Amino acid sequence: MTKFKRTLITSALPYANGPVHIGHLAGVYVPADIYARYLRLKGEDVLFIGGSDEHGVPITIRAKKEGTTPQAVVDYYHKLIKKSFEEFGISFDVYSRTSSKTHHDMASNFFKTLYDKGEFIEQTSEQYYDEEACQFLADRYITGECPHCHNENAYGDQCEKCGTSLSPMELINPKSAISGSKPVLRETKHWYLPLDKHEAWLRQWILEEHKEWRPNVYGQCKSWLDLGLLPRAVSRDLDWGIPLPIPNTEGKVLYVWFDAPIGYISNTKELCDANPELGKWETWWKDDSTRIVHFIGKDNIVFHCIVFPAMLKAEGSFVLPDNVPSNEFLNLEGDKISTSRNWAVWLNEYLVDFPGKQDVLRYVLTANAPETKDNDFTWKDFQMRNNSELVAIYGNFINRALVLVQKYFDGIVPALDELTDYDRATLKEFGDVKTQLEQLLDNFKFRDAQKEAMNLARIGNKYLADTEAWKVAKTDMVRTGTILHIGLQIAANLAIAFEPFLPFSSAKLRSMLNLETFSWNDLGRFDLLKVGAKLGKVELLFEKIEDADVEAQRQKLLATKKTNELDVFKPTAIKAATTIEDFDKMDIRVATVLECTKVPKTDKLLQFKLDDGMGGRTILSGIAQSYPEPEKLVGMQVCFIANFPARKLKGIDSEGMILSAVDADGNFVLVSPNKTVKNGVSVG
RNA sequence: GGCGGGAUAGCUCAGGUGGUUAGAGCGUCGGAUUCAUAACCCGAAGGUCCCGAGUUCAACUCUCGGUCCCGCUACCA
């Protein structure tokens, strides 16, 4: 730790084909930002690098679909993403993009160096080519019939129906997902980074020298290394990306995974070139007194811990990352966040619904960060954390301290008189918070660190409750002043402790306290506010969030879910031909529901007692989840098949089958005549 | 199928070279209080630490087997 003179922090480059959502924020940008702010506040030399990842096939597909160009797509999303980050206070020193000139040059040169050094191997293989769209097809853009389950819509890499992973060559009747035409096989040459040659030192470097990496990261790397590394293609046949900087490679670009991490370097260069006082970019990447930390999500572990380091090592002049704190995934209301299914809370939309509440989201995402395992974000939890922690603990403490000073001292910092033992104990306690916080932040334990900061506010609340300034004020204004003086110093400490986590609220609090300069090292001191100083205007630090606000968000998500289910609905294929004679064998009748109850110890079964006009019968039907209040079905007419043999289910004879439509969302809807008819009549 | 991560209070999560009463925050309940956004403060209830077997004087912690969730990866047919 001591050998480093500066820290370079990178955060995964978001892919510019959609906006960023809370999963990105929780997994990567908030923790990276907390860390960057913390180090800056400590006065350390630090750069925080970000940028958009703008190459790759999905962007070209999106462009085609929207009838526009890849450049237009990335321009749009780069702007949107950049703005979201700014609004959330993600304090990048630079946020650039991989379509920049600097990056194209940097990535080209990088490739060229490796090429000239003979670090690649060349291989020719046959791949599917779409003659109509004039391009080679990535595995997932080829569809066809699965050779195992004969699902017609299997992808070139996997059949989603039977779960088998496939190669495009196995598909029966392959079709291009781009043009719909039948692809042909064509020879193509590509360059590969022989990761297998790097295995030995990677093994040593990670498994022996970096045992301190998070268990999920270390374990994942070990898993890869133990499986054995294979050469990995670093070029692609595509017209969108960085052209290979070698002759006779028309139509070939760097594989997006090769160029993207180099973006960290390019963006650093762009920043340093424009701001010479920051030093040369090489200092930040090639000097071994620089500490590099990559913040990423778990899907990126292998690239940042194995592929990118291998690239850097192959190049030869770069330092390797010191740590790669990777988070797990954040789920949303119990379901996996998904861009394509629109199952997400988008940052740009959040700020429309909750203007000015950036810190609330930052707080909740940190409090519930998926540091060791996947976590779930729910709006209910969001509301509770806001109301019972930010408002009730932190905001409330600030408010009561300031209101008391306003009330008894006209908003002027009162003098400190003699300290009681209790005062001293309190001051010592919050002095310890600094050490605690540092230890946690240094080890990337942001969730615990934030909890520790909140603890300071708890100490403040307890101090006020125990000292009861409002009672003392009736008899002893000197003592009251001392109490409130301490209260204010705690408030000033809170502004510092929370700065990395809640920058907007800290700024607001500092202005209320008229606290201009501050640094991390001031934390734990109790002379941050000068006696006689005038406080600023007092306002609430946080507001409550009402039930209706979060309910609206839940409804929004439910609507999304509904839309998704209906969108993906396709009527099933028509069954094999049948005849009227076959249909005639089915005796379908109408009956009225006399009783309907849930069968005990089952999830799905409802027991119907029907008046079928023929003495009545009992039928069980597995539709309970669609009808949570079965008693409401009493009196309604339903259709049923009357001539099935009785079948015992859960010890009850079920005499037939009740007919339901199965809706696109899987819900059952009972089929009923649209006018009351006589019980027992036939349907036909 | 293999590998990695996870499974601990109603919820979200900590934890331990194995050793007397297993922790925090929120929620719930009770008390106290009124400076404060019915907030704060004090206290209590609440857990076969996923299941089974083994090692041990002693396992929530170690070993083996199993189940479930997440991820990576392979392949038989």
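Numbers restart at 1 for each chain; the letters A, B, ... are given by sequence-line order, proteins then strands. What you see is a predicted model, and the numbers here were worked out from it, not measured in a lab.
- Only the P atoms considered, B/rG47 is 15 Å distant from B/rU8, to the nearest whole Å.
- Rounded to whole angstrom, the span from the CE atom of A/Met384 across to the C1' atom of B/rC11 amounts to 6 Å.
- Distance check on atom P: B/rA44 versus B/rG23 gives 12 Å, rounded to whole Å.
- When every heavy atom of A/Leu528 is checked against every heavy atom of A/Gln489, the shortest pair comes out as N-OE1, 3.0 Å.
- Of the listed nucleotides (B/rA39, B/rC41, B/rU12), B/rU12 has the atom at the smallest distance from the side chain of A/Arg385.
- Using a 4.0 Å cut-off between charged nitrogen and carboxylate oxygen, A/Asp259 and A/Arg236 do not count as a salt-bridge pair.
- Here A/Glu389 lies in heavy-atom contact (under 4.0 Å) with sugar-phosphate atoms only.
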>> Let's test your reading of the pairing rules: Watson-Crick or G-U wobble, both distances under 3.5 Å, then write RNA chain B as a dot-bracket string with ( ), [ ], | and dots.
In response: (((((((..((((.....[...)))).((((.........)))).....(((((..]....))))))))))))....
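- Straight-line distance from the CG atom of A/Asn386 to the P atom of B/rA39: 12 Å, rounded to whole Å.
- Using modelled atom types and a 3.5 Å distance limit, the side chains of A/Arg214 and A/Asn323 yield no donor-acceptor pair.
- The aromatic rings of A/Trp379 and A/Phe377 stand perpendicular to each other, their planes meeting at an angle above 60°, with 30° marking the opposite boundary.
- Using a 30° and 60° split on the angle between ring planes, A/Phe498 and A/Tyr363 fall in the tilted class, from 30° to 60°.
- Using P as the reference atom, B/rG15 and B/rG2 are 29 Å apart when rounded to the nearest Å.
- Looking at heavy-atom distances under 4.0 Å, A/Leu541 makes contact with a base.
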N/O contacts under 3.5 Å, protein versus nucleotides 34-36 of chain B?
residue, atom, partner, partner atom, Å
B/rC35, O2, A/Arg400, NE, 3.1
B/rC35, N3, A/Arg400, NE, 3.3
B/rC35, N3, A/Arg400, NH2, 2.4
B/rC35, N4, A/Arg400, NH2, 2.9
B/rA36, O3', A/Asn399, OD1, 3.2
B/rA36, O2', A/Asn396, ND2, 2.6
B/rA36, O2', A/Asn399, OD1, 3.3
B/rA36, N1, A/Arg400, NH2, 3.4
B/rA36, N3, A/Asn396, OD1, 3.3
B/rA36, N3, A/Arg400, NE, 3.2

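- B/rC41 sits 8 Å from B/rU33 when the C1' atoms are compared, rounded to a whole Å.
- For the P atoms, the distance linking B/rA38 with B/rU28 amounts to 16 Å, nearest Å.
- When the side-chain nitrogen and oxygen atoms of A/Arg458 are compared with OP1 and OP2 of B/rC26, one or more of them lie within a distance under 4.0 Å.
- With B/rU12, B/rU37, B/rC26 as the choices, the nucleotide that has an atom nearest any side-chain atom of A/Ile393 turns out to be B/rC26.
- Each of A/Tyr35, A/Trp213, A/Tyr38 was compared with A/Phe444 under the ring pair (Phe, Tyr, Trp, His ring centres under 6.0 Å) criterion, and only A/Tyr35 meets it.
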>> I'd like to compare against my own output: the B/S/- annotation of nucleotides 2-9 of chain B with a strict under-4.0 Å heavy-atom distance to protein.
In response: -BSSSS--
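- For B/rG27, one of the phosphate oxygens OP1 or OP2 lies less than 4.0 angstrom from a side-chain nitrogen or oxygen of A/Ser388.
- Comparing the C1' positions of B/rA9 and B/rA45 gives an interatomic distance of 11 Å, to the nearest angstrom.
- We find that CG of A/Asn300 is positioned 11 Å from P of B/rC72, with the value rounded to whole Å.
- To the nearest angstrom, P of B/rC11 lies 19 Å from CZ of A/Phe377.
- Nucleic acid contact class of A/Lys451 (heavy atoms, under 4.0 Å, all strands): base.
- Toward the 5' end of RNA chain B, the nearer of the two residues A/Asp466 and A/Gly395, judged by each one's closest nucleotide, is A/Gly395.
- The environment of A/Glu551 atom CD is dense: over 12 non-hydrogen atoms of other residues, nucleotides or ligands sit within 6.0 angstrom.
- Smallest separation of non-hydrogen atoms from A/Tyr15 and A/Pro58: OH-CD, 3.4 Å.
- Aromatic rings of A/His294 and A/Tyr264 (six-membered ring for Trp) have centroids within the 6.0 Å cut-off, being under it.
- Look at the P atom in both B/rA22 and B/rA32: the space between them is 31 Å, to the nearest Å.
- The side-chain heavy atoms of A/Gln450 and A/Leu440, taken from C-beta on, include no pair separated by under 4.5 Å.
- A/Phe542 comes within contact range of at least one nucleobase, with a heavy-atom separation under 4.0 Å.
- Rounded to a whole Å, the CG atom of A/Asn455 is 15 Å from the C1' atom of B/rC40.
- Residue-level contact check: A/Ala392 touches the backbone only, with heavy atoms under 4.0 Å from sugar-phosphate atoms and none from bases.
- Between A/Phe354 and A/Phe382, the ring centre distance stays below 6.0 Å.
- As rounded to whole Å, 17 Å separates atom P of B/rU12 from atom OH of A/Tyr363.
- Nucleotide B/rG25 holds its C1' atom 16 Å from the CD atom of A/Gln436, rounded to whole Å.
- No hydrogens or angles considered: nothing links the side chains of A/Asp432 and A/Thr435 as a donor-acceptor pair under 3.5 Å.
- For B/rG6 and B/rU20, the C1' atoms lie 30 Å apart once the distance is rounded to whole Å.
- Checked against the 6.0 Å centroid threshold, A/Phe88 and A/His24 do not count as a close aromatic pair.
- Atom pair A/Trp379:CH2 and B/rU12:P shows a separation of 18 Å (rounding to whole Å applied).
- Here the closest non-hydrogen pair linking A/Asp410 and A/Lys534 is O-NZ, 3.1 Å.
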